[in-house]
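The structure appears below as structure tokens.
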Amino acid sequence: MTIKDIFDTMEYGPAPESAKEALAWIEGRGGLAGPFVDGQWGAARADIDIRNPATGERLAGLTKCTPDEVDAAVKAARKAQPGWWALGGHGRARILYAIARMMQKQSRLLAVIESLDNGKPIRESRDIDVPLAIRHFYHHAGLAQLLESEQPGMEPHGVAGQIIPWNFPLLMLAWKIAPALAAGNTVVLKPAEYTTLSAQVFAELCRQAGVPPGVVNIVTGDGETGQALVAAEVDKIAFTGSTEVGRRIRQATAGRGIPLTLELGGKSPYIVFEDADIDSAVEGLVDAIWFNQGQVCCAGSRLLVQEGIAEEFHARLKRRMDGLRIGDPLDKCVDVGAIVDPVQLETITRLVDGNMEGETYRANVPLPATGCFYPPTLITGLSPAAPLMQEEIFGPVLVSTTFRTPSEAVELANNTRYGLAATLWSENVNLALDVAPKLKAGVVWVNGTNMFDAAAPFGGVRESGFGREGGWEGLGAYLRPVRGAAKLTPVAAFTGDGAPAGPLDRTAKLYIGGKQARPDGGYSRPVHGPKGALLGHASLANRKDVRNAVEAAHAAKGWSRTTGHLRAQILYYLAENLSARVGEFAARIDALTGAGGAVEVEASIRRLFTWAAWADKVDGQAKGVPLRGLALALREPVGVIGMLCPDEAPLLGLISTIAPAIAMGNRVVAVASEAFPLAGTDLYQVLDTSDVPGGVVNILTGSHAELAPVLADHLDVDAVWSFSSTDLSAGIERRSAGNLKRSWVNDTRARDWHGPEGEGRAFIEAATEVKTVWVPYGE
Ligand code: NAI
């Protein structure tokens, strides 16, 4: 065979990597994978078989850890946590660095074990999974080192329970463990049942790297072990996997005061404009949908190609598909390896075989006679509503449709319940940067795809979950501000005998869409002062009023596109108009609560200034990633936020929650202090005179306990915050699982609204989503 023949046919011989060392390593562990707790290997059993998906051969036996074994791991982690935090940032940095070094030394073993266990081509595990995992530990060694100086006043949650999927076993482990440890938490991690082996090697490397016992604990098993970990006494849960399980975990942790991050599924659009470099875009698709056999949560699985080039594009794509080499994952020449397990192969087959629409093209390439293999597949001509355009297939199957205009592309791209990632190909930078902000996705790649780095935040919006992994933004999920220990206590409304305190106010209405509105139900309640005097009546909002307010908030979506400068000006103007009425508001608060009015109004004005100041300063970060480009971590508003405002500080609490939300470009439906609602209703006129557009701030009064579930159930509400003095977290968190809306609910500790806890970064985090836009930049 001549070199020309090789180039023409792309036929070349196999170049298999040896599995000898990896198999010997497994043998050295007695052919069993099991728990690693408190720095020791626990008793291992062969409860489940671990198989090589490329051959079907049994690799090892897997221990299915029982709830008792999981609890033991959590106890070990709890015992180790104070010491780990006390080591300080530098102490933890040294150990994270040591882990990275150990992984580097054993990178070949890790890559081979990963490919044996998962079926991914060795080219990927060797050149992508393992190096990225190592980079994660290096990067987080640095974050640990800088933590105290960069983020003073923060502390770890304690013990993090972490559950990961099978598609990137080692990389997902690194994404979970590195930030948790850097922030001073200890961890109990459960790998997926199909792919546990690289975590076993990692546990051994932790021992060698000098990780103190109990800091890293691994429990093995399937979904039941995962459930036991969710039920155990952990202080934080981080999960990556299917949307369905993510939803169940949201429900299971509801009301337990456990912060949760969920990285779930996707159906990410891959948009090719007609001015794109077509060959690059075709090559990009190989990385988008055939990387890791398409078993990638952010896979570019939905091709949207502009009509004028569709035919040519599909033709070139099919030619490229026919050039892919499928086979033994340990062969260094193989592009596409095995599907992780027969169960997953069946799922893919069922989904594709069930489709009756469009045309299905399977790559014209030989498949191995045995093992879990599925050919690269392209399905064209599907309608946007076709099940395969909407459902995550999680396999090497690309679905495709066409569009005519950029706005149609945006509409199709956003026509999904998910929002993990999106890819754009165009040689026109104006077009690409015009479209990128319009895409509902946590990550956008311009003229590239499936790029990841430890410094670049990754995560989704909508039903793709919440929270970010990577960079300072990801580290934030493992930290919380140091808070006072005072318990949150319910604040009850005063009661009285009905005698008016003076000339009686009329019943305060609701404030919806910039207008005062009578409550739908027509009910109100008397509001009494501390000595029983009747101060007025407050409307009792119901479900219909919430719906109207949410609708008004949606109609005001232009607010999210205003500039930070404009929002700052409006917040300053609010402060100015409030300061013109200091005496009146102070007297009202005194009458409602008994005292402290003047101080509270002054603090409210100050707080409006704080958020006016921030409005044009939350500008994200440009991450210098080690690839040809920049990852811009931009902050976008969350959308419509429903909020139960603090009872105890009726004006300051309302301002402290509304102002950060609108400063960041959100619209709000706020339920004012239940006990002292009239300080909130007095604000309507100030809002009217301050140029706040109608619908940006909607204020309701009524029962927090009745209105919270309505807000949490509402599919057009993107986030719910509760600072009510009643703990409503269980209901809100459980119900928010429906559309996986973000929730920020009171923990059991009281917040001092006058102090630094009443403002700061936590509010910015909750009021924004990070969108990471990767753009080509530099050489
Ligand atoms: P899965 O979500 O069931 O499993 C992920 C992890 O969660 C595993 O470690 C599993 O043992 C654990 N788990 C399962 N049930 C649990 C429960 N009730 N409580 C706690 N932990 C639990 O994903 P699976 O079954 O492996 O794959 C099914 C589908 O999920 C795939 O076809 C794909 O569509 C999607 N998926 C998405 C991933 C992503 O990265 N977004 C990764 C893996 C799967």
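Just follow the structure's listing: the first ligand is 1, and inside any ligand the first atom is 1.
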Please write down residue, atom name and distance for the protein heavy atom closest to [atom].
atom                    : result
atom 21 (N) of ligand 1 : Gly226 CA, 3.5 Å
atom 34 (O) of ligand 1 : Glu392 OE1, 2.9 Å
atom 40 (O) of ligand 1 : Cys297 CB, 3.2 Å
atom 32 (O) of ligand 1 : Gln344 NE2, 3.1 Å
atom 42 (C) of ligand 1 : Pro165 CB, 3.2 Å
atom 12 (C) of ligand 1 : Ile163 CG2, 3.7 Å
atom 11 (O) of ligand 1 : Glu193 OE1, 2.7 Å
atom 33 (C) of ligand 1 : Phe394 CG, 3.3 Å

Are Phe466 and Trp744 near enough that their ring centres are under 6.0 Å apart?
no
Within the 6.0 Å centroid threshold, strictly below: Trp175 and Phe168:
no
Pairs of nitrogen or oxygen atoms closer than 3.5 Å, one from [X] and one from ligand 1: do any exist?
X      : result
Thr240 : no
Ile164 : yes
Lys190 : yes
Gly241 : yes

4.0 Å heavy-atom contact, Phe239 with ligand 1
yes
Does ligand 1 have a heavy atom under 4.0 Å from the side chain of [X], from its backbone, from both, or from neither?
X      : result
Leu264 : backbone
Arg248 : side chain
Glu244 : neither
Asn167 : side chain

Just by distance, with hydrogens left out, do Lys440 and Thr416 show a side-chain donor and acceptor under 3.5 Å apart?
no
For atom 13 (N) of ligand 1, which candidate among Gly221, Ser242, Gly223, Gly246 provides the closest heavy atom?
Gly223
Which ligand 1 atoms does Gly265 reach within 4.0 Å, using its non-hydrogen atoms?
41 (N)
Salt bridge [X]-[Y], side-chain N to carboxylate O under 4.0 Å:
X      : Y      : answer
Asp453 : Lys623 : no
Arg302 : Glu392 : no
Glu391 : Lys267 : no
Arg248 : Glu244 : yes
Glu463 : Arg247 : yes

Within-cutoff protein neighbour (heavy atom, under 4.0 Å) for atom 25 (O) of ligand 1:
no
Atom 4 (O) of ligand 1 protein-contacted (non-hydrogen atom, under 4.0 angstrom):
no
Measure across [X] and [Y] and return the closest heavy-atom pair with its distance rounded to 0.1 Å.
X      : Y      : value
Ser107 : Ile134 : CB-CD1, 4.3 Å
Ile348 : Phe394 : CD1-O, 3.7 Å
Leu229 : Val74  : CD1-CG2, 4.2 Å
Gly34  : Ala44  : CA-CB, 4.1 Å

Residues Glu733, Ser736; criterion side-chain hydrogen bond (donor to acceptor under 3.5 Å, both in side chains); working and verdict:
CA-CA 5 Å; Glu733 290 187 325; Ser736 68; over 6 Å; no
